[in-house]
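Structure first, commentary second.
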Amino acid sequence: MGTVDEKQQKQREFWNARSRTFPRFEEGDHTYEAKMLRHAMENGVDFTNKRILDVGCGSGMYTLRLARMAEHVTAVDVSDEMLRLLREDAAAMSITNITTACSGWDDFSADERFDVVFASMTPAIESDASREKLMQYAADKVVFMGFSDRMLSNVMQGLHEHYGIAPKIFNNAQDMRTWLDRKGMPYTAIPVKGQWVVAKSREDLVDVCLATLREYGAEPDQRFVEAHVEAFKDEQGQYVERTDYVVEMIIWQKR
């Protein structure tokens, strides 16, 4: 079994590689992130002038939106490349109230507590200890978003079959609810179903497919993957991936 440092380094390498094709902040009220933040606010979460901790922030798709409302956002991610993208976009938007911390969640440390602890779709929250740590840093509200089923990608489905891969079942939302129930902690759970439709270049889609297959331990044939993705080319010459998802937003108040 590898050490914690080795595990974190592998995570950093994986997410650094993913950063090359990872989605970045997009303006507008129509986006998935805008919709999810509206769900939070409609269910009693006030981000205005708050100090917020964004756990597993990635490229900052939520961080930047939160920063526009908050007093300050501390953005934590294991990937230094993801954080570089976040800082680049923040600078372009003249947003200056974000502090980044390159750290795994297990190793993260701060002297303050935060009005809102926010964690969206992050694999860092996978154990009772990692859930307790969310509570440790929360002064008031916690907003957690997790999957409650498989993510079904039209592109990856055929590759999973070809390489004999059983796609992971993502049930971290159910795990979080079970943990909160054990603690007797009241919460609000908001189910959200939909489909992500993402257009990529051929190079980017191949890159994502290869990285995902390697995460499962496969040794993919790049030429086979390149031929496979041609079926997903649209009339504009873009390669469109459609992923069905079932997400839950879980909100609770620290006692």
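Only this structure's heavy atoms are used, side chains among them; waters, hydrogens and symmetry mates stay out. The structure displayed is predicted, hence computed values, not measured ones.
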Fill in: Contact summary for V76 and S103, nearest pair of heavy atoms
CG1-O, 3.7 Å
Practice prompt. Kindly say whether F47 contributes a backbone atom to a donor-acceptor pair with the side chain of K141 at under 3.5 angstrom?
Written response: no
Discussion item. Tell me the closest heavy-atom pair linking D80 and R87, and the distance in Å.
Written reply: O-NH2, 4.4 Å
Worksheet item: Does M135 offer a backbone N or O that forms a donor-acceptor pair with the side chain of K254 under 3.5 Å?
Response: yes
Item to complete: Measure the spacing between CG of D54 and CG of L86 and express it to the nearest 0.5 Å.
Response: 8.0 Å
Item to complete: Using the side chain to side chain contact (heavy atoms under 4.5 Å, CB included) rule, take M36 and M145 through it: C-alpha gap first, then chi angles, then the decisive distance, then the call.
Response: CA-CA 9 Å; M36 296 305 284; M145 282 178 274; 3.4 Å; yes
Worksheet item: Should the pair H228 and F232 be assigned to parallel (<30°), tilted (30 to 60°) or perpendicular (>60°) ring geometry?
Response: tilted
Fill in: Pairwise distance OH(Y32) to CG(L37) - rounded to 0.5 angstrom
10.0 Å
Fill in: Check: K133 side chain, W105 main-chain N or O, donor-acceptor pair, under 3.5 Å
yes
Worksheet entry | Euclidean distance, L205 CG relative to K233 NZ, rounded to 0.5 Å | 12.5 Å
Worksheet, complete the sentence: Scanning both residues in full, the closest heavy-atom pair of E226 with R202 reads CB-NH2, 3.3 Å
Practice prompt. For K35, look at atom NZ and say whether over 12 heavy atoms of other residues, nucleotides or ligands are found less than 6.0 Å away.
Written response: yes
Response to the item:
In terms of heavy-atom contacts, C102 and S79 come closest through SG-C, 4.2 Å
Worksheet entry | Distance-only side-chain donor-acceptor flag, D181 / Y187, under 3.5 Å | yes
Worksheet item: Any donor and acceptor pair, going by atom type alone, linking the side chain of N16 with main-chain N or O of E81 inside 3.5 Å?
Response: yes
Item to complete: With rounding to the nearest 0.5 Å, note down the distance linking CG in D204 to CZ in R20.
Response: 9.5 Å
Worksheet item: Does R18 use its side chain to pair, donor to acceptor, with the backbone of M82 at less than 3.5 Å?
Response: no
Discussion item. Please tell me whether R65 and T31 have a donor and an acceptor in their side chains that are separated by less than 3.5 angstrom.
Written reply: yes
Discussion item. For a side chain to side chain contact (heavy atoms under 4.5 Å, CB included) check, start with the C-alpha distance between W252 and T188, then their side-chain angles and the critical distance, and finish with the verdict.
Written reply: CA-CA 6 Å; W252 69 95; T188 299; over 6 Å; no
Worksheet item: Quick one: NE2 on H72 to CG on D115, what's the gap to the nearest 0.5 Å?
Response: 12.5 Å
Discussion item. Looking at R84 and E88, is any side-chain nitrogen of the basic one under 4.0 Å from a carboxylate oxygen of the acidic one?
Written reply: yes
Worksheet item: Around atom CD of Q253, are there more than 12 heavy atoms of other residues, nucleotides or ligands at under 6.0 Å?
Response: yes
Worksheet item: Would you say E219 has more than 12 foreign heavy atoms packed within less than 6.0 Å of its CD?
Response: no
Worksheet item: Which heavy-atom pair separates R12 from V78 by the least distance, and what is that distance?
Response: NE-O, 2.7 Å
Worksheet item: Within 45° of the ring axis of Y137 and under 6.0 Å from its six-membered ring centre, is that where the NZ or CZ of R113 lies?
Response: yes
Worksheet item: Are M249 and F144 close enough, and set up right, to give a side chain to side chain contact (heavy atoms under 4.5 Å, CB included), and what steps lead you there?
Response: CA-CA 6 Å; M249 173 179 283; F144 173 85; over 6 Å; no
Practice prompt. Would you check if there is a donor-acceptor pair between the side chains of D46 and T48 at a distance under 3.5 Å?
Written response: yes
Item to complete: Say whether, by atom type as modelled, one donor and one acceptor occur between the side chain of N97 and the main chain of A67 under 3.5 angstrom.
Response: yes
Worksheet item: Quick one: are the ring centres of Y62 and F25 less than 6.0 Å apart?
Response: no
Response to the item:
Per side-chain contact (heavy atoms from CB on, under 4.5 Å), I52 is matched among T63, V73, V143 by V73
Worksheet item: Donor-acceptor pair, S153 side chain versus T243 backbone, under 3.5 Å?
Response: no
Worksheet item: How far does OG of S130 sit from CD of Q136, to the nearest 0.5 angstrom?
Response: 12.0 Å
Discussion item. Under a 3.5 Å cutoff, is there a donor and acceptor pairing between the side chains of N49 and E71?
Written reply: no
Worksheet item: Can you get from V225 to F14 by hopping between Ile, Leu, Val, Met, Phe, Trp and Tyr side chains that sit under 4.5 Å apart?
Response: no
Discussion item. Minimum heavy-atom separation for N154 and V240, please, with both atom names.
Written reply: ND2-O, 3.9 Å
Discussion item. Quick one, D128 with R131, criterion side chain to side chain contact (heavy atoms under 4.5 Å, CB included). Give me CA distance, side-chain angles, the key distance, then yes/no.
Written reply: CA-CA 5 Å; D128 284 355; R131 298 179 189 105; 2.9 Å; yes
Discussion item. Within the 3.5 Å criterion, strictly below it, is a donor on Q174 or S148 matched to an acceptor on the partner's side chain?
Written reply: no
